[in-house]
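Report on the structure given below.
To find a chain, count down the sequence lines: A is the first, B the second, and so on, and within it residues start at 1. Keep in mind that this is a model prediction, so the values were computed, not measured.
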There are 2 protein chains.
Amino acid sequence: MPTVSVENYLKAILHLQDGDGDRVSTTAVAEKVGATPASTSAMMTRLGDRGWVEHERYYGVRLTEKGQRLAMDILRRHRLWERFLVDHLGFEWDQVHEIAEELEHVDSVELTNRLDAFLGFPKLDPHGDAIPGPNGRFRSVAARTLLAEAPRNLDLVVVGVVDGGDAFLRHLGVLGIELGSRLTVIERHAFDGSLVVRFDNSEEQQLLAPGVCERLWVDQSNPSPVIVFPESESPN
Amino acid sequence: MPTVSVENYLKAILHLQDGDGDRVSTTAVAEKVGATPASTSAMMTRLGDRGWVEHERYYGVRLTEKGQRLAMDILRRHRLWERFLVDHLGFEWDQVHEIAEELEHVDSVELTNRLDAFLGFPKLDPHGDAIPGPNGRFRSVAARTLLAEAPRNLDLVVVGVVDGGDAFLRHLGVLGIELGSRLTVIERHAFDGSLVVRFDNSEEQQLLAPGVCERLWVDQSNPSPVIVFPESESPN
DNA sequence: TTTAATTTTTAGCCTTGTCTAAAAATAAAT
DNA sequence: ATTTATTTTTAGACAAGGCTAAAAATTAAA
Ligand SMILES: [Mn+2]
Ligand SMILES: [Mn+2]
Ligand SMILES: [Mn+2]
Ligand SMILES: [Mn+2]
């Protein structure tokens with residue numbers, strides 16, 4: 001029975017580990033949860049005592065099997081609630097993170113599984129991030145590419161957002177980009193990686209700044225169904 | 001920004017005050033929240049410092065305007081979530097209290113109001129208790145009588161449960177009683193208040209023990225729409 | 001109106017989670 | 001290989017919430 005605070009730390013560590021099973025530094029965790037390194041150091045010790053992380057003094061932490069499972073369950077609840085808020089309560093995708101940050105701590109397996117069913121067992125949250133299943137592992141999702149690395153002259157769909165802070169999400173709104181937006185890369189500027197693209201719904205070409213291209217997952221419109229386990233860095 | 005613990009205390013005090021605006025004893029609150037009188041005494045002082053209760057040393061507490069409003073908002077969230085759990089996730093009415101006890105602490109006005117709308121602005125929770133509106137006051141609900149005090153030979157409907165602990169709710173299930181059940185009082189035993197009743201759906205008469213009759217709200221099947229603000233003692 | 005019982009508060013202690021400031025260890029740079 | 005910079009941990013404090021045991025106030029009984 002982890003506390004709310006402990007759960008937030010565990011989820012932060014999961015995000016920072018991000019597939020790569022290497023250790024995460026105290027400072028990185030501190031920054032993620034918004035605490036000082038001193039407080040975080042103390043918490044890492046407590047998490048180690050409870051068997052949720054391996055803590056190598058001065059070298060960081062890594063989630064144990066048990067810790068990973070706990071963290072995945074929290075992430076599952078977070079993303080399911082985000083789906084609920086957007087699909088059924090009419091929230092925008094840039095408004096749900098903070099609320100889900102609290103709902104995720106209501107820890108009831110019954111509730112979570114029934115919510116999952118109610119939502120139709122979604123694979124992705126409103127930001128295109130994979131939702132862990134009841135077994136604590138990601139459900140398989142089609143392959144995806146960063147827009148920044150996508151080839152030219154292909155019909156692409158925006159399928160996800162990397163590190164989708166609310167400010168970035170609202171910026172996408174201003175640009176008229178959302179999940180499902182279709183576009184084609186016309187030109188890539190070698191200098192900084194800016195892209196000239198054309199959206200499906202418009203005749204005009206448009207420039208996308210590198211900071212945007214590096215944070216959008218895309219897929220081909222006619223997807224070859226390669227199955228893979230994605231590991232985005234998105235926190236939501 | 002009250003903590004979860006503070007919110008639970010405030011709600012407990014609201015329940016114990018129950019319409020009557022007189023003071024509530026420390027021991028009663030302690031029992032309700034499951035803490036010792038010593039811990040509760042300390043908490044009452046803190047609540048007083050923050051202006052949420054008037055605390056007369058040695059004589060108990062009474063919610064202030066601000067405290068009452070906070071408590072009503074918590075109760076609103078609790079009962080809205082109970083409706084959600086029963087109406088949309090398929091929980092039984094004896095399974096929702098504990099989960100709502102956690103969900104009620106997710107404090108977002110936006111979330112609460114959208115949930116309210118999603119549910120169709122319900123007036124009653126699954127136990128027949130009134131749901132406070134966004135203004136922090138109960139929505140008007142038709143008058144109700146305790147079954148123990150209802151006249152004979154009237155067509156009655158069960159509209160609510162007093163103090164609906166899960167055990168009592170399951171007992172009602174065994175007896176085949178739920179909200180909406182229709183019955184008529186045939187006979188009242190003067191000795192202990194037991195009632196002989198006949199349910200709508202059956203020919204046979206049935207005996208109801210006093211402990212049951214005193215904890216069921218009923219209304220006439222063809223209700224004369226008297227408007228009143230109910231104050232049940234139910235905690236859910 | 002004393003005495004006894006009950007209720008409430010205080011005193012003292014503990015855990016969790018947070019902080020700042022200082023010490024210790026590791027990593028980087030000369 | 002030292003010195004310097006950075007990171008991590010430790011030390012010491014504090015607030016919230018909880019407990020038990022003891023003191024004080026109130027209420028009930030004699
Ligand atoms: Mn959270
Ligand atoms: Mn998300
Ligand atoms: Mn609660
Ligand atoms: Mn209820």
Return the orientation label for the A:F84 and A:W81 ring planes: parallel under 30°, perpendicular over 60°, tilted otherwise.
perpendicular
I want to confirm an ordering. Mapping A:Y59 and B:S25 to their closest nucleotides on DNA chain C, which one lands closer to the 5' end?
B:S25
Ordered by number, residues from residues 43-52 of chain A within less than 4.0 Å of DNA chain C (heavy atoms) are A:M43, A:R46
Once you measure the plane-to-plane angle for B:F118 and A:F118, does it fall in the parallel (<30°), tilted (30-60°) or perpendicular (>60°) bin?
perpendicular
Separation of D:dT7 atom P from A:E31 atom CD, nearest Å, is 10 Å
Rounded to whole angstrom units, what separation is found between the CG atom of A:L10 and the C1' atom of C:dG17?
15 Å
Of the listed nucleotides D:dT10, D:dC19, C:dG17, the one nearest the side chain of A:A38:
D:dT10
Walking DNA chain C from its 5' end, the first of B:R57 and A:S5 to be reached, judged by nearest nucleotide, is B:R57
With a non-hydrogen cut-off below 4.0 angstrom, is B:T36 in contact with a base, only sugar-phosphate, or nothing?
base
Run the side chain to side chain contact (heavy atoms under 4.5 Å, CB included) check on A:H15 and A:L75 step by step: do they pass?
CA-CA 9 Å; A:H15 278 134; A:L75 194 60; 3.6 Å; yes
Between B:R139 (side chain only) and B:L124 (backbone N and O only), is there a donor and an acceptor less than 3.5 Å apart?
no
Strictly below 4.0 Å: does A:Y9 bring a side-chain N or O up to OP1 or OP2 of C:dT18?
yes
Could you check B:R69 against B:D73 for salt bridge (charged side-chain N to carboxylate O under 4.0 Å, His left out), going step by step and ending with a plain yes or no?
CA-CA 6 Å; B:R69 180 56 203 266; B:D73 286 343; 3.2 Å; yes
N/O (side chain, B:S39) to phosphate O (OP1/OP2, D:dG18) under 4.0 Å
no
Report the residues that fulfil ring-ring contact (aromatic ring centres under 6.0 Å, His included) with B:W52, sequence neighbours left out, ordered by chain and then residue number.
none
Least distance between heavy atoms, A:E7 atom then A:D107 atom:
OE2-OD2, 4.1 Å
From the options C:dT26, C:dC19, D:dC19, select the nucleotide whose nearest atom is closest to the side chain of B:A35.
D:dC19
Over how many whole Å does the gap from B:Y58 atom OH to D:dA24 atom P extend?
9 Å
Could you tell me how far apart B:N8 (CG) and D:dA16 (P) are, to the nearest whole angstrom?
17 Å
How is B:T3 classified with respect to the nucleic acid when contacts are heavy atoms under 4.0 Å: base, sugar-phosphate, or nothing?
sugar-phosphate
Ignoring the backbone of B:H55, work out which of C:dT18, D:dC19, C:dT9 is nearest its side chain.
C:dT9
